[in-house]
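Contents: one structure, followed by commentary.
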Amino acid sequence: MPILGQSLGANVSGRFADAFKVLIDEACMLAEALLSPRRIIEDVEQMRALQVAADTLEATDPWRADVLRSRASRIGLR
């Protein structure tokens, strides 16, 4: 039984470490965004331009509109 308790304790501490790492990564990304908002603003402007272009193409070329929307949705993931 002590082996089971040790493995559960290790599992909990491993999950805690993983969660803490994710928290630190998110905090670093937030700090980076707050220190350089220009990049975020440029990304949002680019996404908006792609969405507007997709809206104008929707009636004549729906496939191309979908491609533009797909590109817009991936801008923030770089």
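The backbone N or O of Ala33 lies less than 3.5 Å from no partner atom in the side chain of Ser36, so there is not a single donor-acceptor pair.
Atom CD of Gln46 is separated from atom CD1 of Ile41 by 14.0 Å, given to the nearest 0.5 angstrom. Between the CG atom of Asp55 and the CG atom of Leu68 there is a distance of 10.0 Å, given to the nearest 0.5 Å. In this structure, CZ in Arg39 is found 6.0 Å from CD in Glu32, a value given to the nearest 0.5 Å.
In terms of hydrophobic clustering, with Ile, Leu, Val, Met, Phe, Trp and Tyr side chains grouped at heavy-atom distances under 4.5 Å, Met47 and Ile40 are assigned to a common cluster.
Side chains of Ile75 and Leu50 form a contact here, defined as non-hydrogen atoms less than 4.5 Å apart.
A salt bridge links Glu58 and Arg69; the closest N-O separation between the charged side-chain nitrogens and carboxylate oxygens is under 4.0 Å.
Of the residues listed (Asp25, Ile24, Leu23), the one engaging Lys21 in a side chain to side chain contact (heavy atoms under 4.5 Å, CB included) is Asp25, and it is the only one.
In terms of heavy atoms, Ala65 sits closest to Ala54 at CB-O, 3.4 Å.
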